[in-house]
Amino acid sequence: MVVSDTPVNEATTLHEYDADFHIHVGRALGKPVKIAAGASLTLENLLHHAAFVKGLDIITVIDGVCDNVLVEVDRLTRVGELASVAGGGLMYRDRMLVLLGAEVELAGPSGNAAHFGCWFADYEHARDFNQWLKTVQKNTQLSSQRAWTDALTLQTETHAREGLFIVHHAFTPFKGLLGSCVRRVGDFLDLGRVDALELGLSSDTEMADRLSELSRLTFVTNSDAHGVANIAREYNRVQMAALNFREVAKVLNRVDGRGIAANYGLHPEQGKYYRTRCRACDEFVQAGGCRCGTTLHHVYGVKDRLEDICDLPDAVHPAHRPPYFHHIPLLDIPGLGPGAYRKLLAAYGTELAVRRTADESGLVDVVGERLGRSIARALNGDIHWEVGGAGTYGKVIL
């Protein structure tokens, strides 16, 4: 789609909403959907947790195109839990906009593979895309399956159904387009038909904007949640006129004043693929290697990969790039257990409300002086990490 940075019409009132556009389903109709996701991550649990525990306004169920998930979406629509929205999308209990998507794996042009997101405006387009996927995939009951087609065809089939095409977790060493497949997006895709690029858990805007090719793209930060606790660990503050799919499309393509107002994500050092690390000896890999003496078990870190492929010595942020805020999920704060978490939700309503509105005095009133002060420090960014890598998250240190 063509990007346009046109000014907002003065008669249009824009609102800010919180969105996580990448949440998986673990099981549907009692059968696996995303193999690596938890069994408790059913569609109904996902919807309830995202809306009423996390406090999100918009989500993409990225396995919404899978066979059994479509059946459950249809059932929830029939009983009134989900309702079609003018402009596209489904409204969950008058509270949260739900988009249906697919995560599709494609083989790279010279080896390895990458994941892409395809989002759709309604059940009918999602189901039609499901029928097309059956011609290029072996098992459309499961998420993130290899499609035996090329990237340009996938982009065409997505946009033919009025969908949005997203590069998923672009820099990760496993299934990341720039992390493991190619050095430039244009080596794999038609860059002009990419609606957004998802940064992934081990990178941020400062890192990604060292690639000049990406300057025209909208960046999104999403949780890629495989369990309910991880929903909204990364999310986006979006600015648009109403809760519907058409407005989301305008956000990604920055049309009529719509856009991403801010990205919120983990600090890259907390990400599980930040630095190159050896899975065998658990050492970070330096210029001289690790004590194993072999590269067989090395997992290439996002920071090191970007140093290798970047074409700019420092980040150059285009004018449209929003601020990126590092944050820490509440349950990652040392000392904050399930009991204190429940007290916070009871006091503030949702997890995002805690992050946005809580101050130290209020936190102390809810959970006590010592923990309240620790939570306030964490929410204010007064934290450090033991760096993550090779699938192990960085450890938070207060």
Side-chain angles (χ1 to χ4, degrees), residues 1-4 21-22 60-66 88-89 99-138 140 143-172 175-200 208 211-220 222 224 245-255 258-260 320:
M1 292 185 178
V2 176
V3 172
S4 172
F21 294 116
H22 189 161
T60 298
V61 178
I62 204 59
D63 302 328
V65 169
C66 293
L99 310 182
L100 302 178
E103 181 169 71
V104 180
E105 180 177 305
L106 295 179
S110 57
N112 295 325
H115 284 173
F116 303 97
C118 312
W119 310 349
F120 299 98
D122 51 44
Y123 176 87
E124 289 72 24
H125 282 100
R127 189 175 185 281
D128 189 62
F129 188 75
N130 167 275
Q131 295 302 302
W132 173 76
L133 279 179
K134 289 182 184 297
T135 69
V136 294
Q137 280 185 346
K138 293 182 178 179
T140 52
S143 170
S144 314
Q145 296 300 288
R146 177 73 59 91
W148 301 100
T149 187
D150 60 88
L152 296 181
T153 298
L154 183 62
Q155 289 182 289
T156 298
E157 294 292 340
T158 300
H159 287 141
R161 293 164 177 83
E162 302 177 7
L164 296 167
F165 185 88
I166 318 299
V167 175
H168 272 184
H169 43 72
F171 303 106
T172 57
K175 316 299 184 184
L177 175 65
L178 296 171
S180 62
C181 280
V182 293
R183 299 175 68 88
R184 296 291 180 265
V185 174
D187 295 338
F188 200 140
L189 302 168
D190 179 347
L191 194 63
R193 291 195 286 170
V194 175
D195 293 293
L197 180 141
E198 180 184 87
L199 296 173
L211 287 165
S212 60
E213 179 195 38
L214 306 183
S215 64
R216 61 159 295 276
L217 293 180
T218 294
F219 291 164
V220 290
N222 302 312
D224 191 4
F245 181 88
R246 187 179 296 120
E247 286 287 316
V248 171
K250 287 185 175 183
V251 164
L252 297 191
N253 288 282
R254 306 191 300 278
V255 173
R258 280 71 165 174
I260 306 288
H320 67 81

Interatomic distance, OG1@Thr60 vs CG@Leu164, rounded to 0.5 Å, equals 8.5 Å
**Item:** Any donor-acceptor N/O pair, Arg216 side chain to Leu191 backbone, under 3.5 Å
**Value:** yes
- request: Given side-chain contact (heavy atoms from CB on, under 4.5 Å), test Phe245 with Leu99 step by step and report yes or no.
  value: CA-CA 7 Å; Phe245 181 88; Leu99 310 182; 3.8 Å; yes
Got a donor-acceptor contact below 3.5 angstrom from the Asp122 side chain to the Glu124 backbone?
yes
CD of Glu213 to CG of Asp187, rounded to nearest 0.5 Å, is 7.5 Å
Output for pair (Cys118 SG, Trp132 CH2), nearest 0.5 Å, gives 7.5 Å
Report task. State, yes or no, whether a side-chain contact exists between Val182 and Pro109 at a heavy-atom distance under 4.5 Å. Result -> yes
* Asked: Would you say the side chains of His125 and Asp128 form a donor-acceptor pair under 3.5 Å?
  -> no
CG (Leu106) and CG (Asn112) are apart, to the nearest 0.5 Å, by 13.0 Å
Output for pair (Thr156 OG1, Arg161 CZ), nearest 0.5 Å, gives 10.5 Å
task = Taking the side chain as every heavy atom from C-beta outward, state whether His168 and Asn222 have any atom pair closer than 4.5 Å.
result = no
Might you work through the side-chain contact (heavy atoms from CB on, under 4.5 Å) test for Ile166 and Leu197, ending with a clear yes or no?
CA-CA 6 Å; Ile166 318 299; Leu197 180 141; over 6 Å; no
Does a side chain donor of either Glu103 or Ser144 reach within less than 3.5 Å of an acceptor in the other side chain? yes
A side-chain contact here means heavy atoms from C-beta on lying under 4.5 Å apart; do Leu199 and Val220 qualify? no
| query | Can you tell me if Glu105 uses its side chain to pair, donor with acceptor, with the backbone of Lys175 under 3.5 Å? | reply | no
* Asked: Does Asn130 reach the main-chain N or O of Val65 with its side chain, forming a donor-acceptor pair under 3.5 Å?
  -> yes
Nearest heavy-atom approach of Gly163 to Phe120 is CA-CD2, 4.0 Å
key: Leu189 side chain reached by Gln155 side chain, heavy atoms, under 4.5 Å   = yes
Fill in: Donor-acceptor under 3.5 Å (Asp190 side chain, Gly192 main chain)
yes
The reported gap from CD1 in Ile260 to OG1 in Thr218 (rounded to nearest 0.5 angstrom) is 6.5 Å
Practice prompt. Assess whether side-chain contact (heavy atoms from CB on, under 4.5 Å) is satisfied between Thr158 and Phe116, documenting all intermediate values.
Written response: CA-CA 11 Å; Thr158 300; Phe116 303 97; over 6 Å; no
Is a donor on one side and an acceptor on the other found under 3.5 Å between the side chain of Thr153 and the backbone of Thr149?
no
Open item on the list: Pair Leu100, Phe129 - check side-chain contact (heavy atoms from CB on, under 4.5 Å), show working.
Closed with: CA-CA 11 Å; Leu100 302 178; Phe129 188 75; over 6 Å; no
Correct closest heavy-atom pair for Cys181 and Gly111 would be SG-O, 4.1 Å
Arg183 meets the salt bridge (charged side-chain N to carboxylate O under 4.0 Å, His left out) criterion, sequence neighbours left out, with Asp308
**Asked** Checking Asp195 side chain against Phe165 main chain: does a donor-acceptor pair fall under 3.5 Å?
**Response** yes
For Phe21 and Ile62, the nearest pair of non-hydrogen atoms, with its separation, is O-CD1, 4.4 Å
Side chain to side chain, Val248 and Trp119, heavy atoms closer than 4.5 Å: yes
On a heavy-atom basis, the closest approach of Phe188 and Ala107 is CZ-O, 3.3 Å
Going through the checks in order, is the side-chain hydrogen bond (donor to acceptor under 3.5 Å, both in side chains) test met by His169 and Glu198?
-> CA-CA 5 Å; His169 43 72; Glu198 180 184 87; 5.2 Å; no
- Can you tell if the side chain of His159 reaches within under 4.5 Å of the side chain of Arg193, non-hydrogen atoms only? yes
Note to self: Are there over 12 heavy-atom neighbours, none belonging to Arg127, within less than 6.0 Å of that residue's CZ?
What the structure shows: no
